[in-house]
Amino acid sequence: MGQCGVISSKTVLVFLNLIFWAAAGILCYVGAYVFITYDDYDHFFEDVYTLIPGVIIIAAGTLLFIIGLIGCCATIRESRCGLATFVVILVLVFVTEVVVVVLGYIYRAKVEYEVDNTITNVFNQYNGTSPDSASRAIDYIQRQLHCCGIHNFSDWEKTPWFIEVKNNSVPLSCCRDSVFNCTGSMYRPGDLYSEGCEALVVEKLQEIMMYVIWAALGFAAIQLLGMLCACIVLCRRTRDPAYELLISGGTYA
């Protein structure tokens, strides 16, 4: 009965190692997504430490790939040294993912404060020219998030750009996709997005942090199962070096 449990643990462990390889790719993708989004929204929060969860989760993904390789070899060969190394690295990655979850919650709470402190200044820097980074950032979020102004399109009336152009219009990026020949005129408010950008930027950034948190939590749970199975195999291997291997070919140290 005990032998059956060990063989089952080994089979599950091999399968989990394959999942770890897939998880490594997903974690790296999530981390890269954080960096890409930061590049699009970096004008709206000044704290570059917001990128720390992304950096850590990419590092965790890289380690998971190495773990999968070590785990497969160690499980099939049933090497005490390999399995012990596998468990130690798995524990380190697990701790790393717990740190990611904690930092994710911390920075998720800070997003609203950061955006609230910077968004007015970014809108005041708008000059309507594409090469200008602030202008590109504003036009990008208004098109992508389907919003206009900070709280609504009337916020544009307070900006230096609006006062300077004197045509009572907002940027064309405020125009609804469904409206043709939109000029951005405030005399035709139905042509413009009615929702402000601040709440949507905060929601978008918090949503991304939640992706990081859920990815870390999900794979941390899988790693707990991996550690349990590895410990079962390792303990059995230590007590009885001669028990049946997953593949034939004798015992290995």
Side-chain angles (χ1 to χ4, degrees), residues 9-42 45-114 202-235 237-238:
S9 296
K10 290 186 287 185
T11 304
V12 171
L13 194 52
V14 171
F15 179 70
L16 283 175
N17 284 315
L18 299 178
I19 293 178
F20 288 159
W21 282 336
I26 294 172
L27 287 177
C28 288
Y29 171 81
V30 172
Y33 184 55
V34 171
F35 275 87
I36 292 169
T37 304
Y38 177 84
D39 188 52
D40 293 332
Y41 293 85
D42 63 341
F45 51 96
E46 299 173 343
D47 190 354
V48 294
Y49 295 110
T50 308
L51 288 174
I52 290 178
V55 173
I56 295 176
I57 208 166
I58 288 176
T62 304
L63 278 176
L64 264 184
F65 181 82
I66 297 172
I67 285 172
L69 186 62
I70 294 174
C72 275
C73 295
T75 304
I76 293 173
R77 293 175 60 89
E78 299 178 18
S79 164
R80 285 191 298 267
C81 180
L83 284 170
T85 303
F86 173 77
V87 172
V88 169
I89 298 178
L90 209 53
V91 169
L92 291 175
V93 175
F94 178 79
V95 172
T96 300
E97 288 176 340
V98 171
V99 171
V100 168
V101 171
V102 173
L103 290 177
Y105 272 107
I106 291 173
Y107 289 118
R108 186 175 183 273
K110 291 179 64 178
V111 162
E112 186 171 0
Y113 173 80
E114 286 282 334
V202 170
E203 181 182 331
K204 179 70 173 179
L205 294 174
Q206 289 182 337
E207 180 183 290
I208 290 165
M209 281 298 170
M210 284 307 300
Y211 290 155
V212 172
I213 290 169
W214 283 113
L217 282 174
F219 294 122
I222 296 173
Q223 285 166 232
L224 278 176
L225 181 58
M227 284 186 279
L228 177 62
C229 292
C231 287
I232 291 173
V233 175
L234 185 60
C235 290
R237 180 74 175 88
T238 302

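- Taking each heavy atom of I208 and V34 in turn, the nearest pair found is CG2-CG2, 4.0 Å.
- Between A60 and T96 the shortest heavy-atom distance is CB-CG2, 4.3 Å.
- Separating the CD1 atom in I56 from the CD atom in E97 is a distance of 11.0 Å, to the nearest 0.5 Å.
- Annotation: side-chain contact (heavy atoms from CB on, under 4.5 Å) contacts of I36 (sequence neighbours excluded): D40.
- Remark: W214 engages M210, L217 in a side-chain contact (heavy atoms from CB on, under 4.5 Å) (not counting sequence neighbours).
- The minimum heavy-atom distance linking A215 with V30 is given by the pair CB-CG2, 4.3 Å.
- Shown here are the side-chain contact (heavy atoms from CB on, under 4.5 Å) partners of F65, two or more places apart in sequence or in another chain: W21, A24.
- In this structure, Y105 has no side chain to side chain donor-acceptor pair (under 3.5 Å) partners at least two apart in sequence or on a different chain.
- For Y29, there are no side chain to side chain donor-acceptor pair (under 3.5 Å) partners two or more places apart in sequence or in a different chain.
- For the pair I58 and C28, the tightest heavy-atom approach, listed with the atom from each and the gap, is O-SG, 3.9 Å.
- Between I213 and G104 the shortest heavy-atom distance is CD1-C, 3.6 Å.
- By the side chain to side chain donor-acceptor pair (under 3.5 Å) test, E207 is found to be paired with Y211, residues two or more places apart in sequence or in another chain being considered.
- More than 12 heavy atoms of other residues, nucleotides or ligands sit less than 6.0 Å from atom CD of Q206.
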